[in-house]
Enquirer: 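Have a look at this one.
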Amino acid sequence: DTAVSQTPKYLVTQMGNDKSIKCEQNLGHDTMYWYKQDSKKFLKIMFSYNNKELIINETVPNRFSPKSPDKAHLNLHINSLELGDSAVYFCASSQGQWAQYFGPGTRLTVL
Amino acid sequence: GNSVTQMEGPVTLSEEAFLTINCTYTATGYPSLFWYVQYPGEGLQLLLKATKADDKGSNKGFEATYRKETTSFHLEKGSVQVSDSAVYFCALSDPFLGNTPLVFGKGTRLSVIA
């Protein structure tokens with residue numbers, strides 16, 4: 001069974017649209033994350049949730065809004081998409097401070 | 001703040017060559033250290049980890065030793081294969097800051113040719 005899953009795997013959309021990416025983990029972890037990987041492969045944290053509570057919110061535009069309906073899910077909603085939002089978005093989870101497990105990524109292309 | 005610096009790529013090696021990818025870190029506390037691997041078109045996979053000084057992480061023939069005195073966590077493999085071609089990321093987390101996200105290096109692309 002997949003430990004951390006994301007949908008969709010690919011997302012192609014027009015500028016100005018609103019889109020969501022979903023993430024689910026079946027590891028029983030208490031912390032979930034969203035990372036952004038740019039075209040140069042650089043990975044940067046966007047958000048972190050612990051037991052459904054937001055604990056880290058890096059400097060990202062407020063067009064990005066994470067939502068955690070329960071411990072196993074962390075979704076990312078993006079409003080008014082811009083060209084610069086094109087990237088691969090990775091969800092991850094961990095139990096406490098131990099190793100994080102990553103989803104397969106969602107490649108977002110904004111046209 | 002915490003940071004990770006790893007050697008610039010790309011690195012191109014012939015099959016069965018010895019691999020070293022350098023990684024050094026800066027941290028305020030006593031971080032846990034990780035190597036992740038990203039195969040083409042896939043997500044990140046944990047390759048190995050070490051949580052305290054002198055610990056050696058190992059997996060699939062790869063090794064890295066947590067060196068506090070040199071603040072390093074270099075990745076090594078004695079004999080690389082074509083299937084090792086991927087991007088390798090060194091990362092740290094600081095357990096004293098609670099559930100912190102990983103701080104990544106910029107990644108090193110490895111290409112192994114037959």
Side-chain angles (χ1 to χ4, degrees), chain A residues 2-10 21 23 25 27 29-60 66 68 71 74 87-107, chain B residues 1-11 21 27 29-52 55 57 59 64 66 73 85-111:
Chain A
T2 304
V4 182
S5 59
Q6 294 178 230
T7 54
K9 190 170 172 63
Y10 300 97
I21 307 172
C23 177
Q25 54 97 2
L27 297 166
H29 288 166
D30 57 10
T31 306
M32 295 184 73
Y33 310 82
W34 277 110
Y35 289 86
K36 180 179 180 181
Q37 186 176 45
D38 63 24
S39 58
K40 295 184 179 178
K41 298 287 188 182
F42 186 57
L43 279 150
K44 192 165 183 207
I45 184 69
M46 298 175 70
F47 302 102
S48 172
Y49 268 74
N50 179 256
N51 284 319
K52 302 195 303 175
E53 286 192 31
L54 179 66
I55 55 172
I56 288 174
N57 181 353
E58 290 296 309
T59 309
V60 300
S68 182
K71 260 177 52 168
L74 180 62
V88 182
Y89 293 84
F90 287 101
C91 177
S93 72
S94 70
Q95 183 61 33
Q97 74 276 21
W98 302 116
Q100 294 179 21
Y101 293 85
F102 284 76
T106 296
R107 182 176 294 276
Chain B
N2 296 340
S3 66
V4 174
T5 303
Q6 60 182 107
M7 62 189 284
E8 296 274 336
V11 174
I21 300 178
Y30 298 94
S32 296
L33 301 172
F34 306 87
W35 277 100
Y36 281 82
V37 58
Q38 186 176 26
Y39 297 103
E42 297 185 15
L44 279 81
Q45 299 176 27
L46 177 65
L47 183 59
L48 53 85
K49 67 179 190 287
T51 58
K52 61 183 188 298
D55 266 3
N59 186 25
Y66 190 144
F73 193 55
S85 298
V87 181
Y88 292 81
F89 293 91
C90 186
L92 69 81
S93 72
D94 189 339
F96 288 95
L97 297 180
N99 296 331
T100 57
L102 291 167
V103 175
F104 284 93
K106 292 189 175 180
T108 302
R109 184 181 298 278
L110 170 66
S111 295

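In what follows, chains carry the letters A, B, and so on, assigned in the order in which the sequence lines appear, proteins first and then strands, with residues in each chain numbered from 1.
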Enquirer: Please check if the number of heavy atoms outside A:K9 that lie under 6.0 Å from its NZ is greater than 12.
Expert: yes

Enquirer: Measure distances from A:L43 to the heavy atoms of chain B and classify the residue's part below 4.5 Å as side chain, backbone, both or neither.
Expert: both

Enquirer: Answer with side chain, backbone, both or neither: which region of A:Q37 has an atom nearer than 4.5 Å to a non-hydrogen atom of chain B?
Expert: side chain

Enquirer: Is chain A contacted by the side chain of B:K49, its backbone, both, or neither, given a heavy-atom distance below 4.5 Å?
Expert: side chain

Enquirer: Of all the heavy-atom pairs spanning B:N2 and B:V103, show the shortest one and how long it is.
Expert: O-CG1, 3.9 Å

Enquirer: Are more than 12 heavy atoms from other residues, nucleotides or ligands located less than 6.0 Å from atom NZ of B:K106?
Expert: no

Enquirer: Please name all residues satisfying side-chain contact (heavy atoms from CB on, under 4.5 Å) with B:E8, sequence neighbours left out, ordered by chain then number.
Expert: none

Enquirer: List for me each residue that meets ring pair (Phe, Tyr, Trp, His ring centres under 6.0 Å) alongside A:Y101, sequence neighbours excluded, and say none if there are none.
Expert: A:H29

Enquirer: With only heavy atoms counted, which part of B:Q38 is less than 4.5 Å from chain A, the side chain, the backbone, both or neither?
Expert: side chain

Enquirer: Name the region of B:L44, side chain, backbone, both or neither, that has any atom closer than 4.5 Å to a heavy atom of chain A.
Expert: both

